[in-house]
Amino acid sequence: MGAGKQVPISLDGVRDKNLMQLKKLNVALFPVRYNDKYYTDALASGEFTKLAYYSDICVGAIACRLEKKEGGTICVYIMTLGVLAPYRGLGIGTRLLNHVLDLASKQNMSEIYLHVQTNNEDAINFYKKFGFEITDTIQNYYTNITPPDCYVVTKYLTQPQQKK
């Protein structure tokens, strides 16, 4: 990327009329197929699910689900975050993740987490740059891909209150 060149990246919300863009990206990006509940959750998350455009071409997306935890706090589960290969390294994934981190922080959400396949070192390193840490390992999480194991990768936005 040329020094000082401003990359024309824009984000747009996911709605019924552009949901097919998210479906097409997911087919191109991920080795698993997502069911209707994934898309219902993505739409329901509102601003937490975004499409990324590079020069008006849809090249990436982040899709989240909002979950209620014990005690009533809300956390964000990142279902998917992906950018098409030719457009990686341009800051698009960073822009998508920062959008969700900022939104979650402004809404006083306690944590953001996701599952990452244990051999996906690029993704693990990407999230670690943003302060995420591996908090658990789940054996046989994935059914049709190898390895089947995943890490739970979490970023705590507010410190959990310790009971005294």
Side-chain angles (χ1 to χ4, degrees), residues 1 4-26 29-30 34-84 87-117 120 122-136 138 150-164:
M1 192 166 86
K5 182 169 177 351
Q6 185 59 40
V7 178
I9 300 168
S10 61
L11 303 184
D12 190 20
V14 175
R15 307 173 281 289
D16 284 332
K17 72 174 191 165
N18 65 4
L19 188 62
M20 191 52 71
Q21 294 273 25
L22 181 59
K23 289 183 179 185
K24 287 178 180 175
L25 276 172
N26 286 344
L29 289 168
F30 303 111
Y34 294 96
N35 58 24
D36 289 343
K37 181 177 179 353
Y38 166 97
Y39 294 101
T40 302
D41 289 343
L43 285 168
S45 80
E47 287 293 302
F48 285 92
T49 295
K50 288 286 186 186
L51 295 171
Y53 292 85
Y54 178 90
S55 297
D56 297 326
I57 302 164
C58 187
V59 298
I62 189 166
C64 299
R65 179 173 69 221
L66 302 181
E67 299 179 344
K68 205 170 240 166
K69 295 182 63 88
E70 286 179 40
T73 61
I74 306 260
C75 72
V76 179
Y77 172 62
I78 299 175
M79 297 187 293
T80 55
L81 167 57
V83 176
L84 295 173
Y87 300 92
R88 291 180 190 152
L90 299 174
I92 298 167
T94 294
R95 177 95 180 265
L96 287 163
L97 184 56
N98 277 332
H99 169 79
V100 167
L101 290 172
D102 291 346
L103 204 55
S105 182
K106 284 178 187 155
Q107 296 187 22
N108 294 319
M109 297 187 169
S110 59
E111 69 184 70
I112 299 179
Y113 78 102
L114 63 144
H115 295 103
V116 177
Q117 195 174 11
N120 190 344
D122 287 346
I124 294 162
N125 291 331
F126 174 78
Y127 287 106
K128 282 183 173 178
K129 285 193 299 192
F130 293 88
F132 284 76
E133 54 193 88
I134 294 171
T135 52
D136 199 4
I138 301 173
C150 78
Y151 293 125
V152 178
V153 182
T154 308
K155 179 179 175 84
Y156 296 101
L157 301 173
T158 55
Q159 292 307 314
Q161 298 299 310
Q162 298 299 321
K163 294 214 164 56
K164 296 188 178 184

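Heads up: numbering here begins at 1 and tracks the sequence.
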Hey, could you give me the [atom1]/[atom2] distance between [X] and [Y], rounded to the nearest 0.5 Å?
{"X": "L114", "Y": "K155", "atom1": "CG", "atom2": "NZ", "answer": "12.5 Å"}
{"X": "F30", "Y": "M79", "atom1": "CZ", "atom2": "CE", "answer": "10.5 Å"}
{"X": "F130", "Y": "L101", "atom1": "CZ", "atom2": "CG", "answer": "7.0 Å"}
{"X": "Y151", "Y": "D136", "atom1": "OH", "atom2": "CG", "answer": "11.0 Å"}
{"X": "C58", "Y": "L22", "atom1": "SG", "atom2": "CG", "answer": "8.0 Å"}
{"X": "T49", "Y": "D12", "atom1": "OG1", "atom2": "CG", "answer": "12.0 Å"}

Legend entry - Over all atoms of both residues, closest heavy-atom pair of L157 and M109: CB-O, 3.3 Å

Legend entry - Side-chain (N98) to main-chain (R95) donor-acceptor, under 3.5 angstrom: no

Inset, instruction - Kindly say whether G13 contributes a backbone atom to a donor-acceptor pair with the side chain of N18 at under 3.5 angstrom? - result: yes

Legend entry - Verdict with reasoning, Y53 to Q21, per side-chain contact (heavy atoms from CB on, under 4.5 Å): CA-CA 11 Å; Y53 292 85; Q21 294 273 25; 4.2 Å; yes

Between side-chain atoms of residues 36-44 and protein atoms elsewhere (two or more places apart, or another chain), which donor-acceptor pairs fall under 3.5 Å?
unit_1, atom_1, unit_2, atom_2, d
K37, NZ, D41, OD1, 3.2
K37, NZ, D41, OD2, 2.8
Y38, OH, N26, ND2, 3.1
Y38, OH, T80, OG1, 2.5
Y39, OH, N26, ND2, 3.2
T40, OG1, D36, O, 3.0

Legend entry - Steps toward side-chain contact (heavy atoms from CB on, under 4.5 Å) verdict (L96, T94): CA-CA 5 Å; L96 287 163; T94 294; over 6 Å; no

Check whether any side-chain heavy atom of [X] sits under 4.5 Å from a side-chain heavy atom of [Y], and report yes or no.
{"X": "I62", "Y": "F48", "value": "no"}
{"X": "L97", "Y": "I78", "value": "yes"}
{"X": "L51", "Y": "L25", "value": "yes"}
{"X": "K23", "Y": "Y34", "value": "no"}

Legend entry - Residue among R65, E111, E67, H115 satisfying side-chain hydrogen bond (donor to acceptor under 3.5 Å, both in side chains) with Y77: H115

Inset, instruction - Report the residues that fulfil side-chain contact (heavy atoms from CB on, under 4.5 Å) with T135, sequence neighbours left out, ordered by chain and then residue number. - result: E133, V152, T154, Y156

Inset, instruction - Check the surroundings of atom CG in D56: do more than 12 heavy atoms from other residues, nucleotides or ligands lie under 6.0 Å from it? - result: no

